[in-house]
Protein chains: 2
Amino acid sequence: MYSFTEENYIKAIYKLQEKSGISVNTNAIAEIMQTKAASVTDMVKKLSEKKLLSYAKYKGVELTELGRKMALEMIRKHRLWETFLYDKLNFSWDEVHDIAEQLEHIKSTKLIDCLDEFLGFPENDPHGDPIPGKNGLIQRIELYKISELGIGEFGVISGVVNHSSLFLQHLEKNQLVLGKGIEIISKSDFDQSLRIKIEGGIPIMISNEVARNVLLKKSR
Amino acid sequence: MYSFTEENYIKAIYKLQEKSGISVNTNAIAEIMQTKAASVTDMVKKLSEKKLLSYAKYKGVELTELGRKMALEMIRKHRLWETFLYDKLNFSWDEVHDIAEQLEHIKSTKLIDCLDEFLGFPENDPHGDPIPGKNGLIQRIELYKISELGIGEFGVISGVVNHSSLFLQHLEKNQLVLGKGIEIISKSDFDQSLRIKIEGGIPIMISNEVARNVLLKKSR
DNA sequence: TAATATTTTTAGACTAGTCTAAAAATATTT
DNA sequence: AAATATTTTTAGACTAGTCTAAAAATATTA
Ligand SMILES: [Mn+2]
Ligand SMILES: [Mn+2]
Ligand SMILES: [Mn+2]
Ligand SMILES: [Mn+2]
C-alpha cells in the first residue's frame with residue numbers, strides 16, 4: 001500500500017512530465033510539492049526502489065509504466081469525485097478540487113468503478129478535463145487557447161488552464177462556462193485584450209490573461 | 001487539524017465509554033486500536049493536552065464535551081457514507097464498513113451536510129444504527145435482542161450487535177434483513193436455539209448466537 | 001496484611017517524512 | 001578554460017507514531 005505522500009509525489013511528477021517533456025528535475029518537484037529539494041531526493045530514492053520511477057543522480061526522474069498507471073488511477077479518482085460533487089451534490093466548479101484532493105486517496109477499486117457507473121460514465125470533469133477510463137486510457141482532444149484563435153474563428157469552451165477558484169469565479173460571472181460557443185470579434189494591438197461574442201449574448205471584452213487560460217474546441 | 005490516528009482513538013474511546021460506563025482503561029483501548037498499552041498512554045497524554053479527554057494516571061480516560069462532539073461527527077460521517085454506498089452505489093451491507101472507515105476522515109462540513117441532504121436525511125444506516133444529526137443529537141430507540149423476547153412476542157429487525165461480514169451474510173441468506181417482522185415461536189432448553197416465524201415465510205430455527213446479535217423493535 | 005498477579009507507565013529505540021546547512025556536481029559566464 | 005552561479009545531494013537533526021523491556025502502581029489472593 002502506498003502512503004498519501006507517495007501518491008501525491010507520483011501525481012505531481014506525472015503532471016510535470018506531461019508538460020515539460022521527459023525527465024523531471026528535483027527543484028520542479030519541490031516546488032509543486034511545497035517542500036525542499038532535499039526531501040524530494042529522499043522520496044525519489046524511495047519511489048525508485050518501489051519501481052514507480054527511474055532515477056539517476058543529478059539526471060532527474062521519469063515514471064515507469066507502473067508509476068504512470070498509478071498516476072492515471074489517481075487522476076481518474078480525482079476527476080470522478082469532482083464530477084460527483086458537481087453533478088450530484090451541486091457544488092460549484094471552484095469548490096470541488098480541494099475535497100477531491102482528499103477523496104482521490106480512498107482505496108477501493110470497486111468504489112471508484114461503481115461511482116463511475118453511478119455518474120453515467122462521464123468523459124470530462126467539471127473543468128472540462130478528460131477522465132481516464134478503467135483501462136487507464138485518456139482520450140485527448142485538440143484544444144486551443146482563446147488567444148490562439150484568429151479573428152472570425154468560432155469555438156466551444158471545453159477546458160481551463162488555470163484552475164484557481166478566483167479565476168473560475170471570474171469566468172462564471174462573465175458567462176464563460178463550459179459548453180458555451182464563442183466567436184472572436186477583434187484583438188487589441190495595445191494590450192492583446194479581445195472582443196468576443198458569447199452565443200446568445202452581446203459582445204464583451206476579455207483580457208489576454210483570460211484568453212490565455214480558457215481552452216476551446218474549434219467549431220464551424 | 002486532527003490526524004487520522006487521533007480521530008480513530010477518539011472514536012474508539014467513545015464506543016468503549018458507550019457500553020462499559022464512564023472511565024475507559026488503557027488495555028481496552030489498546031485492544032480495539034490493535035496497538036500496545038504503552039502507545040495508548042502516549043496518545044492519551046497528547047489527546048488530553050488537546051482537551052479532547054481528561055486523563056489521570058492509572059485512572060483511565062473520559063472524553064470531554066469537545067471529544068464527545070468530535071466522536072459523534074465521526075460516527076455521523078461514517079454512517080452517512082455507509083448509507084451512500086448502500087443506497088446509491090448498491091453495495092451490500094457487509095461491504096460498506098471498511099470503505100466508510102476511510103471516508104469518515106474526509107474533512108469538509110459542507111460535503112457531509114450536502115451528502116446528508118442528497119440521501120434524504122436518513123435516520124439509520126444500512127445496519128440499522130442511528131445517524132447523528134448535524135446538531136450532534138442521536139435519537140435512541142429501545143431495541144431488544146431476539147434472545148430477550150418471550151414466546152409469542154413480535155418484533156421488527158432494526159439493528160445488529162455483531163457487524164462482521166460473515167454474520168451479515170449469514171443473516172441475508174436466512175432472510176433476516178432490516179425491516180422484517182418476526183415472531184418468537186419456541187425456545188430450546190438444551191442449546192437456547194429459537195424457532196421463529198419471519199413475516200410472509202415459514203418458521204425457521206436460529207442459534208442462540210444469532211439471537212443474541214440481532215436487535216428488534218418490539219411490535220404489537 | 002503480605003505475597004502475588006495484573007495493569008499501567010516510563011525509558012529508550014525505531015521508521016516515515018520532513019527540515020537546515022554544507023558539500024558535491026553541473027551549468028553558465030567571463 | 002577558469003571563475004562563478006545554480007542545482008542537487010549528503011549529513012545530521014526533528015516530530016509523529018509506534019515498539020519492547022523494565023519499573024511502578026494497583027488489584028487480587030492467600
Ligand atoms: Mn482538481
Ligand atoms: Mn478538475
Ligand atoms: Mn460501520
Ligand atoms: Mn453501520
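The sequence lines fix the lettering, A, B, ..., with proteins before strands; numbering per chain opens at 1. The structure displayed is predicted, hence computed values, not measured ones.
- The ring pair (Phe, Tyr, Trp, His ring centres under 6.0 Å) test applied to A:Tyr9 returns no partner, not counting sequence neighbours.
- Residues in residues 102-129 of chain B take part in these ring pair (Phe, Tyr, Trp, His ring centres under 6.0 Å) pairs, two or more places apart or across chains: B:Phe4-B:His105, B:His127-B:His163.
- Evaluation of the side-chain contact (heavy atoms from CB on, under 4.5 Å) rule for B:Asn208 yields B:Ser147, B:Gln192, B:Arg212 as partners, not counting sequence neighbours.
- Candidate nucleotides C:dT9, D:dT10, D:dC19 were compared by shortest atom distance to the side chain of B:Tyr55, and C:dT9 ranks first.
- For the pair B:Leu47 CG and D:dA16 P, the computed distance is 13 Å after rounding to whole Å.
- Phosphate contact (OP1/OP2 of C:dT9, side-chain N/O of B:Thr41, threshold under 4.0 Å): present.
- The NZ-C1' distance, from B:Lys59 to D:dA24, rounds to 13 Å in whole Å.
- Applying the 4.0 Å criterion to OP1 and OP2 of D:dA24, one finds that B:Lys57 has every side-chain N and O outside that range.
- Side chains of B:His97 and B:His78 form a contact here, defined as non-hydrogen atoms less than 4.5 Å apart.
- Across the protein-nucleic acid pair, B:Asp42 atom CG and C:dT8 atom C1' stand 12 Å apart, rounded to whole Å.
- For A:Ala38, counting side-chain heavy atoms from C-beta on, the closest listed nucleotide (C:dA21, C:dT9, C:dT18) is C:dA21.
- Between the side chains of B:Ser39 and B:Asp42, no donor-acceptor pair of N or O atoms lies under 3.5 Å.
- Paired regions of DNA chain D, where each region holds three or more successive Watson-Crick or G-U pairs whose two hydrogen-bonding distances fall under 3.5 Å, are C:1-30 with D:1-30.
- The aromatic rings of A:Trp81 and B:Trp81 stand perpendicular to each other, their planes meeting at an angle above 60°, with 30° marking the opposite boundary.
- Residue A:Leu16 is tested with A:Ile29, A:Val61, A:Leu63 for a side chain to side chain contact (heavy atoms under 4.5 Å, CB included); the sole match is A:Ile29.
- The side chain of A:Ser39 has C:dT18 as its nearest neighbour among D:dT9, C:dT18, D:dT26.
- For C:dT7, neither phosphate oxygen OP1 nor OP2 lies less than 4.0 angstrom from any side-chain nitrogen or oxygen of B:Thr26.
- The pair A:Asp113-A:Arg76 meets the salt-bridge criterion, with a side-chain N (NZ, NE, NH1 or NH2) lying under 4.0 Å from an Asp/Glu carboxylate O.
- Computed from coordinates, the A:Glu49 CD to C:dT15 P distance equals 14 Å when rounded to whole Å.
- The stretch residues 2-18 of chain A has no heavy atom under 4.0 angstrom from DNA chain D at all.
- Within the 4.0 angstrom heavy-atom criterion, only backbone atoms of the sugar-phosphate kind lie near A:Asn25; the bases stay farther away.
- Between B:Phe167 and B:His170, the ring planes are parallel. Angles under 30° get that label, and only those over 60° would be called perpendicular.
- Side-chain N/O atoms of B:Ser188 and B:Asp191 include a donor and acceptor closer than 3.5 Å.
- Because its NZ or CZ atom is both nearer than 6.0 Å to the ring centre of A:Phe91 and within 45° of the ring axis, B:Lys110 counts as a cation-pi partner of that residue.
- In this entry the distance linking OH of A:Tyr58 with C1' of D:dT7 reads 8 Å, nearest Å.
- Less than 4.0 Å separates DNA chain C from at least one heavy atom of each of the following residues of residues 27-37 of chain B: B:Asn27, B:Ala37.
- Using a 4.5 Å cut-off on side-chain heavy atoms (C-beta onward), B:Met70 and B:Tyr14 make no contact.
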